[in-house]
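Let me begin by presenting the structure, written as structure tokens, before commenting on it.
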Amino acid sequence: MTKNIYTFYMPGEERIFFEYFHGFAFAFLLLFIVLGVFTMKLSIVDALFQAFVIVLPFYGVILMFKKRFASEVTLDFDVRKIRFVFRDERGTIEREFREIKKVNFGFYLTFVMEDARIMVKRPDNKKAIFQLLKSVFRVDRGIFPIN
């Protein structure tokens, strides 16, 4: 008996980015302060203000979208369930296939549910993945051709 289980993983570099995001943001903040003080000859207060103006908008946007990304998504066609694995306090979330309203097929696969949108990086074999997802979900490919 074969198992109809398919798993998509977030690429390693993106997992590292999200895992150490706060450290990266702090490092960029310090970098912009040092550059402001030593290269642009700004006062420490002005360099601090300028660094916050540059880094905080990106930090806010990443924090808003960070919760949407799963590190692993597993489709189990035998029991018709989907499992999302997160690397934070949420751990693992399981849903029935019927709870998925649609899947947006872009650079990322976005699983749209009534109460959430969960994203994972689309694998390289997009034709096969598109056919696989289309067999059980409503798939919206938007402007992206499948070729």
For this session: Run the numbers on I100 and I82 for side-chain contact (heavy atoms from CB on, under 4.5 Å), then give the verdict.
Result: CA-CA 9 Å; I100 307 296; I82 186 167; 4.1 Å; yes
Exercise. Are any side-chain N or O atoms of T74 and backbone N or O atoms of T7, one a donor and one an acceptor, separated by less than 3.5 Å?
Worked result: no
Exercise. Looking at Y59 versus F28, is the centre-to-centre ring distance below 6.0 Å?
Worked result: no
For this session: Run the numbers on E72 and M10 for side-chain contact (heavy atoms from CB on, under 4.5 Å), then give the verdict.
Result: CA-CA 6 Å; E72 177 183 322; M10 187 63 73; over 6 Å; no
Exercise. Is Y9 reachable from V73 through a run of I, L, V, M, F, W or Y residues, each pair having side-chain heavy atoms under 4.5 Å apart?
Worked result: no
Exercise. Between L133 and L75, is a side-chain contact (heavy atoms from CB on, under 4.5 Å) present by the stated rule, with each step listed?
Worked result: CA-CA 9 Å; L133 293 173; L75 300 167; 3.7 Å; yes
Exercise. Looking at the rings of F65 and F69, which for Trp means the six-membered one, are their centres under 6.0 Å apart?
Worked result: no
Exercise. So which heavy atom on I118 is nearest to which on A70, and how close?
Worked result: CG2-CB, 3.7 Å
Seminar exercise, completed: When rounded to the nearest 0.5 Å, the distance separating CD of Q50 from CG of L42 is 5.5 Å
Exercise. With a 3.5 Å cut-off and no angle check, do the side chains of Y108 and E14 form a donor-acceptor pair?
Worked result: yes
Exercise. In the single-linkage hydrophobic clustering (I, L, V, M, F, W, Y; side-chain heavy atoms under 4.5 Å), do V139 and V112 co-cluster?
Worked result: no
Exercise. Got a sec, which pairs hit ring-ring contact (aromatic ring centres under 6.0 Å, His included) with one end in residues 35-58, sequence neighbours left out?
Worked result: none
Seminar exercise, completed: For V37 and S43, the nearest pair of non-hydrogen atoms, with its separation, is CG2-O, 4.4 Å
For this session: Measure centre to centre between the rings of F77 and Y6, then say whether the value is under 6.0 Å.
Result: yes
Problem set entry | Residue pair I16 / F24: nearest heavy atoms and the distance that separates them | O-CE1, 4.0 Å
For this session: Establish whether F26 and V34 are linked, either directly or via other cluster members, by ILVMFWY side-chain heavy-atom contacts under 4.5 Å.
Result: no
Exercise. Nearest 0.5 Å, what's the NZ-CG distance between K66 and D88?
Worked result: 7.0 Å
Exercise. Is the closest side-chain heavy-atom distance between K101 and R138 below 4.5 Å?
Worked result: no
Exercise. What's the spacing between L63 CG and L56 CG if we round to 0.5 Å?
Worked result: 10.0 Å
Exercise. Side-chain heavy atoms under 4.5 angstrom apart, residues restricted to Ile, Leu, Val, Met, Phe, Trp, Tyr: same cluster for F107 and I62?
Worked result: yes
For this session: Kindly compute the distance separating CG (L31) from CG (L35), expressed to the nearest 0.5 Å.
Result: 4.5 Å
Exercise. Are side-chain heavy atoms of F32 and V55 found at a separation under 4.5 Å?
Worked result: yes
For this session: Evaluate the side-chain proximity of R117 to N104: yes if any heavy-atom separation is below 4.5 Å, no if none is.
Result: yes
For this session: Using a strict cut-off of less than 4.0 Å between a Lys/Arg side-chain nitrogen and an Asp/Glu carboxylate oxygen, indicate whether D140 and K102 qualify as a salt bridge.
Result: yes
Exercise. Got more than 12 heavy atoms from elsewhere within 6.0 Å of OH, Y20?
Worked result: no
For this session: Would you please name every residue forming a side-chain contact (heavy atoms from CB on, under 4.5 Å) with E99, sequence neighbours left out?
Result: R95, E96
Exercise. Can you tell me how far CZ of F130 sits from CG of N125, rounded to the nearest 0.5 angstrom?
Worked result: 13.5 Å
For this session: Check whether any side-chain heavy atom of L109 lies under 4.5 Å from a side-chain heavy atom of I129, and answer yes or no.
Result: yes
Problem set entry | Under 3.5 Å: donor-acceptor pair, side chain of R90, backbone of K67 | yes
For this session: I would like to know whether F105 and K134 meet side-chain contact (heavy atoms from CB on, under 4.5 Å); could you show each step before the answer?
Result: CA-CA 10 Å; F105 195 87; K134 194 172 94 171; over 6 Å; no
Problem set entry | Hydrophobic cluster membership, V61 vs F18, 4.5 Å side-chain cutoff | yes
Seminar exercise, completed: Distance col, row K81:NZ vs R98:CZ, nearest 0.5 angstrom, shows 9.5 Å
